[in-house]
Amino acid sequence: MSSVAVVTGASSGIGAATARRLATEGFHVLAAARRTDRLAALVAEIEAAGGAATAVACDVTSDESVAGLATAAAALGPVTLLVNNAGGARGLDPVESGSVDDWQWMYDVNVLGTLRVTQALLPALEASGAGTIVVVSSTAGFTVYEGGGGYTAAKHAQTAIAGTLRLELCGRPVRVIEIDPGMVRTDEFGLVRFGGDAGKAAAVYAGVAEPLVAEDVADCVAWCATRPQHVNVDRLVVRPLAQAAQHKVHRVG
Ligand SMILES: NC(=O)c1ccc[n+]([C@@H]2O[C@H](COP(=O)([O-])OP(=O)(O)OC[C@H]3O[C@@H](n4cnc5c(N)ncnc54)[C@H](OP(=O)(O)O)[C@@H]3O)[C@@H](O)[C@H]2O)c1
């Protein structure tokens with residue numbers, strides 16, 4: 001029986017790429033998100049390529065929905081990997097005028113979503129005897145920037161969960177890995193951030209020859225998750241070559 005890897009936010013971007021990649025690594029992927037039509041297409045694609053995957057509708061902001069995710073995972077086999085990827089940003093407003101609703105959404109999905117899903121899956125991960133929890137945070141988890149107050153606050157909190165959990169689980173068979181990507185060009189991250197404004201979303205990557213793509217982050221997740229179980233990659237920071245720091249991006253033209 002294959003090990004089960006649960007990937008949240010698998011309906012697009014980094015989550016979908018991670019699901020595809022983990023299937024090629026031999027995991028039975030449990031792909032979770034709210035948009036089930038997209039998940040169904042992803043599962044069909046993975047199966048057509050010879051992999052194993054199952055879709056489950058899950059809203060990480062709902063206790064009941066996340067409980068259903070844990071039940072679905074346990075029914076598939078030993079759960080050895082959880083990738084907490086669901087998340088995102090809303091708005092690029094200064095703190096003085098930022099929308100409380102946007103901040104609430106970012107906190108609910110990135111922070112409390114990670115907490116809720118981790119709590120629900122931890123018993124199965126521990127029972128497997130070789131569990132791994134990946135938290136997809138961000139370089140925003142350790143850096144702040146103008147207009148990023150809500151997102152960086154949420155990602156700092158998500159990073160704090162990863163660090164705290166690693167300390168608390170020391171001596172138990174579950175490792176905790178934090179992956180912090182810089183600029184990744186995905187189809188929806190910018191659209192979600194800018195309320196569907198494609199121009200503003202595209203401007204983030206203007207002149208950057210090669211931002212990271214979702215598959216680059218999936219590659220990092222897969223590499224960390226397939227190290228021998230005694231090897232814990234605490235934190236992996238990954239950026240495009242053109243981005244030396246949050247504020248230092250090489251743009252052409
Ligand atoms: N793109 C970047 O530059 C970048 C950089 C660093 C870190 N990250 C982080 O990487 C992760 C993925 O980003 P991405 O670029 O792949 O963004 P994306 O394409 O917008 O994907 C976000 C995913 O989260 C899911 N999601 C949102 N709300 C949810 C909820 N309430 N319950 C369950 N799933 C939910 C979405 O699925 P549904 O809408 O179908 O539910 C979607 O699959 C995020 O945590 C993001 O903060 C991104």
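Ligands are counted one by one from 1 in listed order, and the atoms in each one are counted from 1 as well.
- The protein non-hydrogen atom at the shortest distance from atom 31 (N) of ligand 1 is Asp59 OD1, 2.9 Å.
- Residue Val184 touches ligand 1 through backbone and side chain together, judged by heavy-atom distances below 4.0 Å.
- Between Glu188 and Arg193 no salt bridge is recorded (no basic side-chain N to carboxylate O distance below 4.0 Å).
- An N or O contact shorter than 3.5 Å links Ser12 to ligand 1 by distance.
- Heavy atoms of Lys155 come nearer than 4.0 angstrom to ligand 1 in at least one pair.
- In terms of protein heavy-atom proximity, atom 37 (O) of ligand 1 is nearest to Ser11 OG, 2.9 Å.
- Atoms of ligand 1 found under 4.0 Å from any heavy atom of Arg35, numbered from 1 in the order shown, are 37 (O), 38 (P), 39 (O), 40 (O).
- Under the 4.0 angstrom criterion for non-hydrogen atoms, Ala214 is not in contact with ligand 1.
- For atom 8 (N) of ligand 1, the nearest non-hydrogen atom of the protein is Tyr151 OH, 3.7 Å.
- Closest to atom 32 (N) of ligand 1 among all protein heavy atoms lies Val60 N, 2.9 Å.
- Within the structure, ligand 1 lacks Ala17 among the residues with a heavy atom less than 4.0 angstrom away.
- At a 4.0 Å heavy-atom cut-off, ligand 1 does not touch Ala32 at all.
- Remark: minimum distance from atom 27 (C) of ligand 1 to any protein heavy atom is reached at Arg34 NH2, 3.5 Å.
- Residue Val109 has no nitrogen or oxygen atom sitting less than 3.5 Å from a nitrogen or oxygen atom of ligand 1, judged on distance alone.
- Counting only heavy atoms of the protein, atom 14 (P) of ligand 1 lies nearest to Thr186 OG1, 3.8 Å.
- Put simply, the side chain of Asn84 does not reach to within 4.5 Å of the side chain of Val134, judged on heavy atoms.
- Contact annotation: the side chain of Tyr151 approaches that of Tyr145 to within less than 4.5 Å [non-hydrogen atoms, C-beta and beyond].
- Residue contacts with ligand 1 include Asn85, since one of its heavy atoms falls under 4.0 Å from the ligand.
- Contacts of Glu210 classified as side chain to side chain donor-acceptor pair (under 3.5 Å), with partners at least two apart in sequence or in another chain: none.
- Using a 4.0 angstrom heavy-atom cutoff, Ala140 does not count as in contact with ligand 1.
- Among protein heavy atoms, the minimum distance from atom 5 (C) of ligand 1 is reached at Gly182 O, 3.1 Å.
- Inclusion of Trp105 in the set of residues having an N or O under 3.5 Å from an N or O of ligand 1 is not warranted.
- Atom 7 (C) of ligand 1 has Ser137 O, 3.2 Å as its closest protein atom, hydrogens excluded (heavy atom only).
- Under the 4.0 Å criterion applied to side-chain N and carboxylate O atoms, Arg20 and Glu45 are assigned as salt-bridge partners.
- Annotation for ligand 1: atoms under 4.0 Å from non-hydrogen atoms of Pro181 are 5 (C), 6 (C), 7 (C).
- Interface atoms of ligand 1 facing Ala33, defined by a heavy-atom separation under 4.0 Å, are 37 (O), 40 (O), 41 (O).
- Counting non-hydrogen atoms of other residues, nucleotides and ligands closer than 6.0 Å to OH of Tyr205 gives a total above 12.
- Considering backbone and side-chain N/O atoms, Ile14 comes within less than 3.5 Å of an N/O atom of ligand 1.
- Every atom of ligand 1 is numbered from 1 in the order shown, and the set under 4.0 Å from a heavy atom of Gly13 is 16 (O), 19 (O).
- Between the side chains of Ser128 and Thr80, no donor-acceptor pair of N or O atoms lies under 3.5 Å.
- Of the candidates Ala218, Ala31, Ala86, Ala19, the one placing a heavy atom closest to atom 35 (C) of ligand 1 is Ala86.
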